[in-house]
Asker: 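Provided herewith is a single structure, encoded as structure tokens, for subsequent inquiry.
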Amino acid sequence: MLQRSPDPGVDCRVADSRRWWQALTAPELRLVITCDALEVFQFQRAWLPGRHPQMISHQRHTLPGSTQDILPPEALWQALHDVLAPLAGQRWHVVVVLSNQYARWLVLPWQAEVRSQADKAAYYLHGLQQAFTSDGQDWRIRAQPGGYDQHTLLNALPAVLLEKLQAALAKHRLPPGIITPAWALAANQALHTMRQQGFSANGWVVCRESSHLTVACLMHGDWLQIRQLPVDAQWRLTLMQLLSREQVIHPERAALPIFLSQAESSGATPQSMQPFQVVDVQPSHGLDKLSRQVAERRMA
């Protein structure tokens, strides 16, 4: 299960959507797909100044998947049909959030000689093949280049998964605006928190799921590394061990804060995470009663 609260308009930006008009005007239908559940959120768009999107519905459908699988279980597709059938042809901005276990993340260094689109595509593919040789998947790669002399952040999703999602949504006349791994949402929310609270563009951005963490290091606006690691109930200890090793290797990262969604409610208090500074990333607007209840159930 993904351990973070949705934050419409912040974690999924209008600029990221292929259907920007729906992103601005339509209610949001968010499908969160993990190995053990399909979660369905519906948000009503806010029209009045100073108002924010409100959660109007939440459903959770249990799935029989494994944390070791590269693709979701087959049961997902029937569950998805059952969810989408009553909504077929309606006007929604559809956001699909995929567990990080189905994504591959990589940071590649700046290469001045890699300039053309063809060279970049070859460079990205070669990097992924070198890093993930055993996966045996055809990957759809998305790159986020940095500035001059900065790293490029890559994420890749299995082509067969994206094709099946597109087909399932098209069958119900619900074209997606955004299909993205969960860490990308955590990063957008963390960057928003940095701007709102006056932090510089430095820190560890953590996305937590029940069985693993995805952790990335940002320094001076440059993504230096990203990695995924399996965890159990002792995930806080695993995270602290990782960051302690990083401090030894890279002392300049010793003082970087940790940006973690719903940190306090998940037990990552300032006392339990000492000597590290934890920034509790909260939704950018107050949650209504239904939203708070859903968040509390999900974080339990």
Side-chain angles (χ1 to χ4, degrees), residues 1-5 11 32-37 39 63 65-70 72 97-107 131-132 134-135 151 153-156 180-191 193-194 199 202-219 223-282 295-300:
M1 182 185 294
L2 183 62
Q3 305 291 337
R4 62 177 302 275
S5 296
D11 58 6
V32 181
I33 299 171
T34 62
C35 69
D36 58 357
E39 291 195 83
L63 298 176
S66 166
T67 58
Q68 305 302 317
D69 293 340
I70 295 178
V97 182
L98 297 170
S99 167
N100 294 308
Q101 85 175 68
Y102 305 129
R104 297 296 178 265
W105 291 94
L106 186 65
V107 170
F132 306 107
S134 62
D135 287 339
H151 296 77
L153 178 64
L154 300 183
N155 78 70
T180 186
W183 181 86
L185 275 65
N188 286 339
Q189 199 175 19
L191 291 169
T193 299
M194 291 178 192
F199 286 92
N202 298 281
W204 295 97
V205 176
V206 180
C207 184
R208 184 168 77 93
E209 298 183 59
S210 301
S211 59
H212 56 275
L213 300 175
T214 305
V215 184
C217 179
L218 179 70
M219 286 195 71
W223 294 106
L224 300 182
Q225 72 174 83
I226 185 167
R227 61 179 300 180
Q228 296 167 294
L229 59 157
V231 294
D232 53 21
Q234 302 299 317
W235 64 270
R236 291 183 296 275
L237 177 59
T238 302
L239 177 59
M240 293 175 67
Q241 289 173 340
L242 168 67
L243 298 183
S244 296
R245 290 194 297 269
E246 287 295 324
Q247 286 186 351
V248 173
I249 301 170
H250 304 284
E252 69 278 9
R253 303 178 188 178
L256 294 182
I258 304 167
F259 291 85
L260 176 65
S261 178
Q262 303 290 294
E264 289 281 348
S265 58
S266 66
T269 62
Q271 294 76 21
S272 68
M273 297 296 289
Q274 287 183 351
F276 303 103
Q277 177 190 2
V278 179
V279 178
D280 194 352
V281 178
Q282 297 283 349
E296 289 167 359
R297 288 198 301 269
R298 297 179 81 246
M299 298 304 297

Asker: Between side-chain atoms of residues 234-244 and protein atoms elsewhere (two or more places apart, or another chain), which donor-acceptor pairs fall under 3.5 Å?
Answerer:
{"unit_1": "R236", "atom_1": "NH1", "unit_2": "S266", "atom_2": "O", "d": "2.9"}
{"unit_1": "T238", "atom_1": "OG1", "unit_2": "Q234", "atom_2": "O", "d": "3.4"}
{"unit_1": "S244", "atom_1": "OG", "unit_2": "M240", "atom_2": "O", "d": "2.8"}

Asker: So, do R253 and Q225 sit near enough that their side-chain heavy atoms are less than 4.5 Å apart?
Answerer: yes
Asker: Got a second to check how far T67's OG1 is from D232's CG, nearest 0.5 Å?
Answerer: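 T67 atom OG1 to D232 atom CG measures 11.0 Å (nearest 0.5 Å).
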Asker: Please check this pair: side chain of Q189 against backbone of D11, looking for a donor-acceptor N/O pair closer than 3.5 Å.
Answerer: no
Asker: How about L63 and D36: do any of their side-chain heavy atoms sit closer than 4.5 Å?
Answerer: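 L63 does not reach D36 side chain to side chain.
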Asker: Which pairs of donor and acceptor atoms, one on a side chain in residues 269-280, lie under 3.5 Å apart (sequence neighbours left out)?
Answerer:
{"unit_1": "T269", "atom_1": "OG1", "unit_2": "S272", "atom_2": "N", "d": "3.1"}
{"unit_1": "T269", "atom_1": "OG1", "unit_2": "S272", "atom_2": "OG", "d": "3.1"}
{"unit_1": "S272", "atom_1": "OG", "unit_2": "G267", "atom_2": "O", "d": "3.0"}
{"unit_1": "S272", "atom_1": "OG", "unit_2": "T269", "atom_2": "N", "d": "3.0"}
{"unit_1": "S272", "atom_1": "OG", "unit_2": "T269", "atom_2": "O", "d": "3.1"}
{"unit_1": "D280", "atom_1": "OD1", "unit_2": "Q262", "atom_2": "N", "d": "3.3"}
{"unit_1": "D280", "atom_1": "OD1", "unit_2": "A263", "atom_2": "N", "d": "2.7"}
{"unit_1": "D280", "atom_1": "OD1", "unit_2": "Q282", "atom_2": "NE2", "d": "3.4"}
{"unit_1": "D280", "atom_1": "OD2", "unit_2": "E264", "atom_2": "N", "d": "3.3"}
{"unit_1": "D280", "atom_1": "OD2", "unit_2": "Q282", "atom_2": "NE2", "d": "3.1"}

Asker: For the residue pair S211 / Q101, report whether a side-chain donor-acceptor contact shorter than 3.5 Å exists.
Answerer: no
Asker: Do W204 and L260 come within less than 4.5 Å of each other through their side chains, counting heavy atoms only?
Answerer: no
Asker: Rounded to the nearest 0.5 Å, what separation is found between the CG atom of L224 and the SG atom of C217?
Answerer: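 Those atoms lie 5.0 Å apart.
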Asker: Between V107 and W223, what is the shortest heavy-atom contact and its length?
Answerer: CG1-O, 3.4 Å
Asker: Within a reach of under 6.0 Å around CD of E252, are more than 12 heavy atoms found that belong to other residues, nucleotides or ligands?
Answerer: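 It does: E252 CD has more than 12 such atoms within range.
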Asker: Rounded to the nearest 0.5 Å, what's the gap from CG on L229 to OG1 on T214? Could you check?
Answerer: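 These two atoms lie 8.0 Å from each other.
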Asker: If I take atom CG from residue L106 and atom CZ from residue F132, how far apart are they, to the nearest 0.5 angstrom?
Answerer: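 The CZ atom of F132 is 5.5 Å from CG of L106, to the nearest 0.5 Å.
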Asker: Return the minimal non-hydrogen interatomic distance between C207 and A186, and the atom names on each side.
Answerer: CB-CB, 3.8 Å
Asker: Testing the basics here: between W183 and A216, what is the closest heavy-atom pair and its distance to 0.1 Å?
Answerer: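 Where W183 meets A216 most closely, the heavy atoms are CZ2-CB, 3.3 Å.
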Asker: Per the ring-ring contact (aromatic ring centres under 6.0 Å, His included) rule, what does the pair list look like for residues 256-275, sequence neighbours excluded?
Answerer: F199-F259
Asker: Are any non-hydrogen side-chain atoms of L191 and M194 less than 4.5 angstrom apart?
Answerer: yes
Asker: Can you name the one residue among V97, L98, L185 that meets side-chain contact (heavy atoms from CB on, under 4.5 Å) with V32?
Answerer: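 Checked V97, L98, L185 against V32; only one passes side-chain contact (heavy atoms from CB on, under 4.5 Å): V97.
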Asker: Decide whether Q228 and N100 meet the rule of one side-chain donor and one side-chain acceptor closer than 3.5 Å.
Answerer: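 Looking only at side-chain atoms, N100 and Q228 do not form any donor-acceptor pair under 3.5 Å.
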Asker: Taking the side chain as C-beta and beyond, is there a heavy-atom pair between H212 and S99 under 4.5 Å?
Answerer: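 A side-chain contact under 4.5 Å exists here.
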